[in-house]
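All remarks here apply to the structure that follows.
Only this structure's heavy atoms are used, side chains among them; waters, hydrogens and symmetry mates stay out. Proteins come first, then strands; the chains are lettered A, B, ... in the order of their sequence lines, and each starts at number 1.
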Amino acid sequence: MRGRNKSLNSPSPLPFMGYDFRAVELKWQERWEREKRHEAEPDERKKFFITVAWPYPSGPMHVGHARTYTFPDVIARYKRLMGYNVLFPMGWHLTGSPIVGAVNRLKSGEEKFLGIAKNVYGMSDEDLGSINDPMDYARYFIDQSPMGYKKGMRSLGLSIDWSKEFTSITPSYSREVEWQYRKFLEKRLVTTGSHPVKFCPHDNNPVTDHDLLEGEGVDIQEFFVIEYEVDGEDLFLPAATLRPETIFGVTNLWLKRDEDYVVADVEGKKWLLSREAVRNISYQKSVKPLEERNSGALEGKKAINPITRERVPIICADFVQTDVATGVVGSVPAHAPYDLVALKGSIPPRQVIEVAGYSDIPAKDLVAQMGIRDESEREKLDEATRKLYRDERARGTMIVNYGDFYGKSVEWAQKEIKKELTAIGRGDVVYEFTKKPVICRCGTECVVKLVSDQWFIRYSDEEWKKTVRQWLASMDLVPPETRNYFSNVIDWLRDWPFTRLVGMGTKVPWAKDWIIESLSDSTIYMSYYTIADVMREAKMEVDDDFFDYVFLSKDNRWKGNETAERAKKAFSYWYPLDYRVSASELIPNHLTFMIFHHTALFPEEYWPRGIISLGLVILEGRMMHSSSGIIYPVAQSVEDFGADATRFYLLYSVEPWQNFDWRASEAKVIGRQLQHFCDLAREIIDSISSGEEMEKDHMDLWLLGSLGKRMAAYLDSMENFRTRSALQMAFYEMMNDYRWYVRRGGDDPRTLKEFLERWIVMLYPFTPHLCDELWEMLRAKVPELDERIECYPEAPPVKEGDLEAEEYLINLFDDIKAALQALPIEPKALYLYCIPGEERAIDSAFLKNELSCDVFVQPLNKVTHDPKGRAKRAKKGKPAIYVEGGDGSE
RNA sequence: GCGGGGGUAGCCAAGCAUGGUCAAAGGCGCAGGCUUGAGGGGCCUGUUGCGAAGGCAUCCGUGGGUUCAAAUCCCUCCCCCCGCACCA
């Protein structure tokens, strides 16, 4: 020990001081803003453009959101350190109906919602009174509420370029959306059609799962309807089925016993429908009820199978469910357990499908196997039905002599028979929920409605998919596991209905009654960030030509226009998007749509380069839900622990793409650790004095060498977005190195200054306020440092030689501790026998001090004391150890 | 059901794509000691079991297998999470 600076020898004589994190954070936030530190303009530097899914401000910003936005901020700050010109913008997504819905609920005084607004969202009566329309509500959660997004983002110290801010309903942005869809229309990438949706007749609106009281997650199923003509009457029995291929095995038709059915005109034909079916189907087809007719009146009559022309009897039964599909069912006893049981052998089953493992009457096998006695055992019958369908569909073969059907698969037959029936005008389709009831919040039972004139984006287009697949292959996807996921999504993606009747948003340019729904208007909005400030300043009306010129360089009248030129310059500088950051649950829609849309609209040089998918955040083990009040608001975390501690905590426990469990107790610990770090840094800064030039000794070289290694690992992690691992290097490993250095007597102010300089820089992306503060303090002592921390110092080179000897000692020290641990004696003297030459690495003074006993180092060629003959165990790099107890013996 | 991702010591989690250097990093928590103006600070030590020695035994959801050698490769089973569309 050279004792140049006593205060640095452990333990610290200074009292615990800490710092006022809120004061420091506010100071720097204010300064960054005043200096417009994060506003980015095109220049000659290499650029880095990163965006994150824009928030939908329908409630408070909680720590889950904080993580989503802090991660890209850390990356943005890191890239600035690396010399990039970084654009990290933010906007607001207002499209859609939830905000509209929230305002309606407030206005109608819905109690539950008002309670949440007051207690969870922290809204005062005054706040509530000031909200009259959806924009008021959105504004409230964007920048008025203390729990709002903009305040939250600012208080976290996010380095967002607010000059590029806009919303999804900003008029000039809407122009871009219109441009995009007109392009799609031109390219025939949109199409019109009809589409089944969950619908509430009372509200006269489509409903989402979120709007439901009961029936969440229920799907819509397509039933195929086979029309059987009633013999001798102008009436059809529309038997609804999921298995039209079994039509060859139909032995009879079922109606519910003693039930009043309705004869109705359905698009020009007379159908017999249950009363429930009349209501349901009237939302899918034009249905005019004509008269009632009891099922008993039809019993015994015959109906004509449209394919086989066979006449089969109409039979009534109790198991028929009138609220499912049409309320009319075909009976296939060989392949449907229900039918088999209900017929009780009165009509012989007819096999039409053969499956390995089953007899010639498959339904019979299952009924016997499961011990089903009669049709009242619904649960068992349902299970048998499901199992049989699964097996037959997977492995069954058709054994009917009809057309090409013999020997064909069930799947093929199903498609084929649908085609045939439709062709001869005896096939139709009705939609039904997979499970009932489905009940709207208003209490009304929902129906399946067929929306016509719906517009679709043709994601099913094979050419388009091919382009997207190819581009995907060249993209950087983080984490790599998402590649498979994307690739599957592209395969399964169907046409997407992109028009809505309600909510905020941009109108479909050629169908002004419709609005472009929220996922579909946010596919290329990153491009607008690049020109948002130019557009706002210009305040001018733009048209399709404008975007053609700016985005596609089409030669037109905008050429030479100042605004257009500025926009074009900015766009071509910043685009393409380097990384898109989003939640992994958006892979099946938004993120994939983004790739589709870019490839369809822009030249390849502007297609997005990378996607980072984040994991979700849970709160103390539970899912966060604004609507249920299970949230931890950002505002609170910043107040409780500070912005830096919040940021640090959000990124340290798991990598960004893993799920994260927020625990306030841990966030608190981080706050303490930062306080400690601050103390330590100040101590080092205090110790810096000018004019002192000392030769670096072994420990100094070790500390700087190790720093080089840590920094290399840090850079590698950051380049791959492994922020957790980077933080572990930047904070904990650095801390450990520092401790060891001090413990080993290291105390050179110059070495420590160098060490601290890099330490601050490494931590800067994570805890920018504290780091800027420390940097400022450091500069007061070391004026030659750059004012901006962003001009980071290079890592010192790693010379393995500087590290080797110390590693040797560390290993030896560990071995000694392990050995001592198993010994129940007080060590008095420690003998170390090493390969000659290695003794140079053994700091016996240090060991003596640490172990409080005498230490004798004896190279193998100079062993003088070895009563137990341990010296022979010495190996290269691993000295032999002999411990002598207090009484001199062992 | 379909598709994707996981199960590692009290907790969070690293490692597994290139088997051995893995009793298995780091953090948290917990325990003990030190800091000779007593407790939310710091430093040190420990945290599967055994052990008068740096070792041995057992261990990485379950049960098998491959191998001189498996947390790491192959198979069986069990369990958990996330998407599945008109919703931001």
Side-chain angles (χ1 to χ4, degrees), chain A residues 10-18 53-56 58 93-99 195-198 206-211 217 219 386 390 451 454 456 459 479-489 491-500 503 517-520 522 583-590 615-616 618 621 652-655 657-661 663 665-666 668-670 672-673 675-676 679-680 722 724-725 727-729 731-733 735-736 739 742-743 811-812 814-825 827 850 868 870 873 878-883 885 890:
Chain A
S10 66
S12 156
L14 292 175
F16 173 73
M17 298 185 46
W54 49 3
Y56 186 79
S58 61
H93 197 198
L94 305 183
T95 310
S97 48
I99 288 178
H195 186 70
V197 296
K198 289 177 195 166
V207 291
T208 68
D209 264 3
H210 199 73
D211 304 320
D219 268 330
R386 271 196 301 275
R390 216 175 28 238
V451 178
Q454 173 65 265
F456 296 84
Y459 294 130
E481 297 88 83
T482 56
R483 188 171 297 280
N484 261 338
Y485 195 179
F486 271 106
S487 163
N488 278 307
V489 169
D491 287 347
W492 299 128
L493 205 59
R494 308 195 295 259
D495 290 349
W496 179 268
F498 70 95
T499 55
R500 285 301 111 79
E517 66 80 44
S518 60
L519 285 167
S520 305
S522 305
S584 52
E585 70 229 34
L586 293 181
I587 291 174
N589 45 58
H590 165 73
L616 54 89
I618 56 179
Y652 111 107
S653 101
V654 295
E655 298 295 0
W657 40 88
Q658 296 176 307
N659 294 347
F660 175 85
D661 189 2
R663 292 178 193 184
S665 64
E666 287 186 18
K668 192 174 159 189
V669 170
I670 301 295
R672 229 160 52 206
Q673 292 176 343
Q675 294 283 353
H676 173 55
D679 282 351
L680 206 137
R722 291 193 306 264
R724 181 193 109 97
S725 144
L727 201 42
Q728 229 157 46
M729 285 299 150
F731 193 77
Y732 297 104
E733 299 293 356
M735 186 68 86
N736 286 341
R739 280 183 196 146
V742 172
R743 190 174 178 185
N811 287 338
L812 173 62
D814 280 345
D815 273 354
I816 295 170
K817 279 189 291 192
L820 251 30
Q821 205 194 327
L823 283 173
I825 53 169
E850 287 285 334
K868 288 275 174 178
R870 295 206 163 258
R873 297 181 59 175
K878 198 171 168 74
I881 299 167
Y882 170 60
V883 183
E890 249 196 295

Across the strands shown, which category fits N488(A) at heavy-atom distances under 4.0 angstrom: base, sugar-phosphate, nothing? sugar-phosphate
Out of G83(B), A25(B), G41(B), minimum distance to the side chain of Q728(A) belongs to A25(B)
Among the nucleotides G51(B), G54(B), G27(B), whichever has the atom closest to the side chain of A822(A) is G51(B)
Over how many whole Å does the gap from D219(A) atom CG to G1(B) atom P extend? 15 Å
Presence of R743(A) side-chain N/O under 4.0 Å of U45(B) phosphate oxygens OP1/OP2: yes
Have a look at A53(A) and say if it touches a base, only the backbone sugar-phosphate, or nothing, with a 4.0 Å heavy-atom cut-off. nothing
Syn versus anti for A69(B), judged by chi lying within 90° of 0? anti
Whole angstroms only, please: what is the CD-C1' distance between E666(A) and G26(B)? 13 Å
Looking for any heavy atom pair under 4.0 Å, which part of the strands does R494(A) touch: base, sugar-phosphate only, or nothing? base
Answer with base, sugar-phosphate or nothing: what part of the nucleic acid does I587(A) contact at a heavy-atom distance below 4.0 Å? nothing
Nearest to the side chain of K878(A), heavy atoms from C-beta on, is which of G40(B), G3(B), G54(B)? G54(B)
For atom OH of Y732(A) and atom P of A25(B), their distance in whole Å: 17 Å
What's L586(A) touching, base or sugar-phosphate or nothing? Going by heavy atoms closer than 4.0 Å. base
Look at the side-chain N and O atoms of R739(A) and state whether any lies under 4.0 Å from the OP1 or OP2 oxygen of C43(B). yes
Holding to side chain to side chain contact (heavy atoms under 4.5 Å, CB included), I want the full list of residues that pass it with L519(A), two or more places apart in sequence or in another chain. W496(A), E517(A), N589(A), H590(A), F593(A)
Can you tell me how far P of G5(B) sits from CG of N659(A), to the nearest Å? 14 Å
N/O (side chain, K817(A)) to phosphate O (OP1/OP2, U45(B)) under 4.0 Å: yes
R724(A) side chain: which of G4(B), A25(B), C28(B) is closest? A25(B)
In whole Å, what is the span from the CZ atom of R722(A) to the P atom of A13(B)? 17 Å
Regarding V654(A), tell me which of base, sugar-phosphate or nothing describes its non-hydrogen contacts under 4.0 Å with the strands shown. sugar-phosphate
Minimum-distance nucleotide to N484(A) side chain [options: G83(B), G5(B), A53(B)]: G5(B)
Nearest listed nucleotide, side chain of R870(A), among G55(B), C81(B), A53(B): A53(B)
What is the separation between atom CG on D814(A) and atom P on A25(B), rounded to the nearest whole Å? 12 Å
Under 4.5 Å between any side-chain heavy atoms of F456(A) and R494(A), yes or no? no
From the candidates G83(B), G54(B), U47(B), the one with an atom nearest any side-chain atom of Q821(A) is U47(B)
Contact class for P479(A) (heavy atom, under 4.0 Å): base, sugar-phosphate, or nothing? nothing
Okay, side chain of Q658(A), backbone of G615(A): is any donor-acceptor separation there less than 3.5 Å? no
For the side chain of Q454(A) and the backbone of T499(A), is there at least one donor-acceptor N/O pair under 3.5 Å apart? yes
Closest to side chain of N736(A), choosing from A85(B), G83(B), G27(B): G27(B)
Any side-chain N or O of H676(A) less than 4.0 Å from the OP1 or OP2 oxygen of C43(B)? yes
Which residues satisfy the salt bridge (Lys or Arg N to Asp or Glu O under 4.0 Å) test with R724(A), sequence neighbours excluded? none
CD1 of I881(A) versus C1' of A52(B): gap in Å, rounded? 14 Å
Under-4.0 Å side-chain N/O to phosphate OP1/OP2 contact, Q658(A) with A14(B): yes
Please tabulate, one pair per line, each protein N/O and nucleotide N/O from nucleotides 18-21 of chain B that are separated by under 3.5 Å, including the distance.
none

So T95(A), base contact, sugar-phosphate only, or nothing? Heavy-atom distance under 4.0 Å. sugar-phosphate
With a non-hydrogen cut-off below 4.0 angstrom, is S665(A) in contact with a base, only sugar-phosphate, or nothing? nothing
In whole angstroms, how far is the C1' atom of A85(B) from the CG atom of D491(A)? 16 Å
Report the nucleotide, chosen from G54(B), A53(B), C11(B), that has the shortest atom-to-atom distance to any side-chain atom of R663(A). C11(B)
